[in-house]
Each structure stands twice: as structure tokens, then as C-alpha cells.
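What follows is a set of notes on a single structure, which appears directly below.
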Protein chains: 2
Amino acid sequence: MELKLILAGLMKKMSPQMPVTDEQLQRILEVIDEVPVTKGEFVLRQGKVSNYYLLLNGYMRGYTFDEQGNEVTTNFFAGPRAVLDAASFFGRLPSAENIVAISDCRGYLLTLEQLNKLFHEMPEFREFGRAILVRELVIAQEQKLAHINLSAEDRYKQLVERDTELMQHAQLRHIASFLGVTDTSLSRIRRELANKK
Amino acid sequence: MELKLILAGLMKKMSPQMPVTDEQLQRILEVIDEVPVTKGEFVLRQGKVSNYYLLLNGYMRGYTFDEQGNEVTTNFFAGPRAVLDAASFFGRLPSAENIVAISDCRGYLLTLEQLNKLFHEMPEFREFGRAILVRELVIAQEQKLAHINLSAEDRYKQLVERDTELMQHAQLRHIASFLGVTDTSLSRIRRELANKK
DNA sequence: TTAGGTTCTTGTCATTTGGCAAGTGTTCCT
DNA sequence: AGGAACACTTGCCAAATGACAAGAACCTAA
């Protein structure tokens, strides 16, 4: 399927009360760049200022390091998602995150200037951008809540349920660190889940 | 200190690259409502559509209930903060959250119409609104990260360090459920921290 | 003052999770 | 084929946390 159509569908879905016209979509495509990302490529490196990758298709993983130097997975992304470190991108600050593709991906790469230009000239795109940002906020709050009131086992079950395909691209130790448990623990959790069935 | 001045200072701090003029500030104050909230009052009730309370001064707590019916504290707020359920406010959906003042508070109450009106006519306010939203996103992601790579003890230490005053207004069991541990556990953690010193 | 309610602490024991080390299986490179 | 590297599993024991119940400290209202 053509990327342009996916984008159109996403914009319609995210801000249905302010639909874009075909001419506006054409204008957007003149400004932003279609950039494929192959598995293993990075869209963000620690220490750099984040870009805004509008991931339409594929899977990515974000990670950083704790004080002991252990890798910690902070995010999994399944298109369509906004892939960025918001604090870095909007604040023009070096990021503490790394974000890497764990499958071949398709999407658009936006700079802050491109985004601001489109925000300025097109209220519909502004609304879309806000809806995307709100969704990222909701996702982060949901994941935080899962840590507060679910056990590791339940968090794992929820993750697999909601993102079955994504989980098939992710390594177990990355899933474990994302859930906040060791890979040993997650391995045991999986064994018990398998036994129950 | 007058609330208007606090708002002016906040706007300057949040979006320094697009400062508001005095006339614009005056216009903003014509549109939004200054609303004090006394301790124990709610700014959001489960099942209602969220408003946007721009908390400038004071402390609030957000909570919901898990499947077993236990109260779970999802957020503490210390002014200046945007106090809202973003999914509910922007999506016009009933909220699952309750938000209650745990001290007397001062701030402005905004409806979505008021916010959209100001966004539409004032790019500076738009920028401010975006900066606020980004900050909420960063806060949520930081708290999620704390759950992934810190122990309960470290999460508690970090919370007390960063929000000393807020913690003096919060009950221990609410802090405990916010941290994702039982009040029993938190009580023990506090005892051991006291012993260490 | 007393009685009742709420909050926090503590003790005991069960469950979950972590740390470490060994073992199995797979992939990849030469 | 051989070997190294990596991913995942498992066993053993220690540490952290939960569940439950009792007690201490405090506040409030009759």
C-alpha cells in the first residue's frame, strides 16, 4: 500500500473533526521527507537532538542505560506512532535515548522547522500534531499505570495481547527490561503461563 | 503574589522563544476564568469529561480504582502544572480518574472551547499550550522509567527529593499506591531510611 | 472525658523477584 | 565441520515485597 494513503488514513482517524483536503495533503508531502529505515538502523542516538519520525509501518525499540550501565528498554513502537524524544525534539536538547528499528520500517522524517512551517500554515495539520502528541501522552500514562497496579505477569500478558506482532520482533531480554523485570524472571513467567494452558 | 503575574512568569519560562505581550496576556485573562479550589474539592470526577485546570499554586492528587476496587493514586500535582485527563479532555470522553485538591489551590479553569479560541487567535498561546503538553509527556515518561529501573526505595527517595513540600501534604498510603507498593512496604522502607541516618 | 475512626507501624509468614551460575539450543563465521 | 557468540532456560538460594493481623498514635465528635 502506498505510504501517502496510509498517512491520509491516519490523519483522518486522528483528527476526524478537521479533515485534510487532497490539496493540503499534497502540500504536506512537498514539505516532509519519506524515509525508509531498515532493520538495525537508528533514528536517534544518545547525545543527539531528536528528530520526529512519523512511523507508519514497522517496529522500533527505544533504550537507554541505567547507573550500572545496563541497557534499559524504554519503549516499543508499532506503526503508526510518533517516534521521538519529545523533551529533546521540542527543547533542542541532547537526548538520553537510542531508538533503533527492529524491522524494516516506512515513514516520514520531520525536522522541527518542517513541523512548525506546516503547523503555521495549516490548522488541520496542527490539530493532527496535537492529537498525535496527546496519544503519546496517553500511552505513557497507561504504561505508567500498568507498572503501578499490575504484576509483572499481568503486564506481560497485556503487552502480548495488545502488541502480538511487535512482540514477535522483540528479544526476550528487551521485553523483560521494558517490563521492569530480569530476563530470568520473565522466562519463569512464560513457563508458568505455558503450564496453565 | 498576584495570580496574573505567576501566569506571566510561567508563560515566559515555558516558551521563551515566543514571549507574550502585556496586551496578549490581558486578552487571555478576558477569556479564561480564575478559579480557586479549596482542600478536598474535586476538579475531576470519574465518569465526567475532564476540564483543563491550570494549577499555579497548591497540590492535587489523581486516583482511580483497580479491578479489586482498591484506590490507586495515579498522579500528584504541584503547581505550576496542567491538571487534566488528556484523553478525556481532548477526546471528549468520560474520564476514569478522580482529581482532588490536597491543599488550597489557585489557578485557571479552561474549557476546550476557551483553549481552542486562544490557540486559534494567538500563536504565542499555542506555543505555550504545546510546551505544557510536552512537559506532561516528559513527566509521564520519567515516572514510567522510574518504575522500570528503580527499586521502590529509590523511587521513594527520588519523589521526596524532588517534591518535598508536596509529600508533606500527601498521606503515606497514597504515596505508597503511587509508587506501586503497599503501605506496609513503604512504612518499612521509611524505617530503614531513617535507620541509615 | 470517652468512644470510635483513621493513619501509620510492626510482627509473622508466604510469595515474588533477583543474582548467579550452569546448561541447552541456535546462529553465524571461518 | 568446528568453534565462538548469543539468546533463552533452569536450579539454587538470598532479598524484596505482599497479606494479614495486632498494636500505637492521633484526631474527632458526642
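Just so it is clear: chains get the letters A, B, ... in the order the sequence lines come, proteins before strands, and each one is counted from 1.
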- Measure the distance from CD1 on A/Ile175 to C1' on D/dC8 and round it to the nearest whole Å.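 Spelled out: CD1 on A/Ile175 to C1' on D/dC8 is 12 Å.
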- Task: Report the hydrophobic cluster partners of A/Leu109, with the cluster defined as I, L, V, M, F, W, Y residues connected by side-chain heavy atoms closer than 4.5 angstrom, directly or transitively.
- Result: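 In the cluster with A/Leu109 are A/Val35, A/Val37, A/Val43, A/Leu44, A/Tyr53, A/Leu55, A/Met60, A/Phe77, A/Val83, A/Ile99.
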- Query: How is the hydrophobic cluster of B/Val49 composed, in terms of its other members, when Ile, Leu, Val, Met, Phe, Trp and Tyr link through side-chain heavy atoms under 4.5 Å apart, directly or indirectly?
  - Reply: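 Under the 4.5 Å side-chain rule, B/Val49 groups with nothing.
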- Task: Have a look at the helix from C/dT1-D/dA30 to C/dT30-D/dA1 and give the angle its two end axes make, five pairs each, rounded to 10 degrees.
- Result: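 Roughly 30° between the end axes, to the nearest 10°.
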- Partners meeting salt bridge (charged side-chain N to carboxylate O under 4.0 Å, His left out) with A/Asp66 (sequence neighbours left out):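 Salt bridge (charged side-chain N to carboxylate O under 4.0 Å, His left out) list for A/Asp66, sorted by chain: empty.
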- Name all pairs fulfilling the salt bridge (charged side-chain N to carboxylate O under 4.0 Å, His left out) condition that reach into residues 126-141 of chain A, sequence neighbours left out, sorted by first residue then second.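 Matches after skipping sequence neighbours: A/Arg81-A/Glu136, A/Glu127-A/Arg130.
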- Not counting sequence neighbours, list each pair that qualifies as a side-chain hydrogen bond (donor to acceptor under 3.5 Å, both in side chains) and has a residue in residues 1-15 of chain B.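 Sorted pair list: B/Lys4-B/Gln26.
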- Scan residues 95-107 of chain A for pairs that pass side-chain hydrogen bond (donor to acceptor under 3.5 Å, both in side chains), counting only residues two or more places apart or in two chains.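 Non-adjacent pairs meeting side-chain hydrogen bond (donor to acceptor under 3.5 Å, both in side chains): A/Thr74-A/Glu97, A/Asp85-A/Ser95.
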Provide a list of protein-nucleic acid N or O atom pairs under 3.5 angstrom, restricted to nucleotides 5-7 of chain D.
| unit_1 | atom_1 | unit_2 | atom_2 | d |
| --- | --- | --- | --- | --- |
| D/dA7 | OP1 | A/Gln171 | OE1 | 3.1 |
| D/dA7 | OP1 | A/Gln171 | NE2 | 3.2 |
| D/dA7 | OP1 | A/Arg173 | NH2 | 2.9 |
| D/dA7 | OP2 | A/Arg173 | NE | 3.4 |
| D/dA7 | OP2 | A/Arg173 | NH2 | 3.3 |

- Task: Given salt bridge (Lys or Arg N to Asp or Glu O under 4.0 Å), test A/Glu124 with A/Arg27 step by step and report yes or no.
- Result: CA-CA 12 Å; A/Glu124 292 79 8; A/Arg27 170 64 183 147; over 6 Å; no
- Query: Parallel, tilted or perpendicular for A/Phe125 and A/Phe119, by the 30°/60° rule?
  - Reply: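 Plane angle between 30° and 60°, so tilted.
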- Query: Under the side-chain hydrogen bond (donor to acceptor under 3.5 Å, both in side chains) test, which residues partner B/Tyr52, sequence neighbours left out?
  - Reply: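 Applying side-chain hydrogen bond (donor to acceptor under 3.5 Å, both in side chains) to B/Tyr52 gives none.
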- Covered region of DNA chain C, 5' end to 3' end, by chain B [heavy atoms, under 4.0 Å]: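 Under 4.0 Å from chain B, the extent on DNA chain C is C/dT7 to C/dT12.
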Tabulated below should be each protein N or O lying under 3.5 Å from an N or O of nucleotides 26-28 of chain D; please produce it.
none

- Near-strand residues of residues 180-188 of chain A, defined as heavy-atom separation under 4.0 angstrom from DNA chain C: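 The answer is A/Gly180, A/Val181, A/Thr182, A/Thr184, A/Ser185, A/Arg188.
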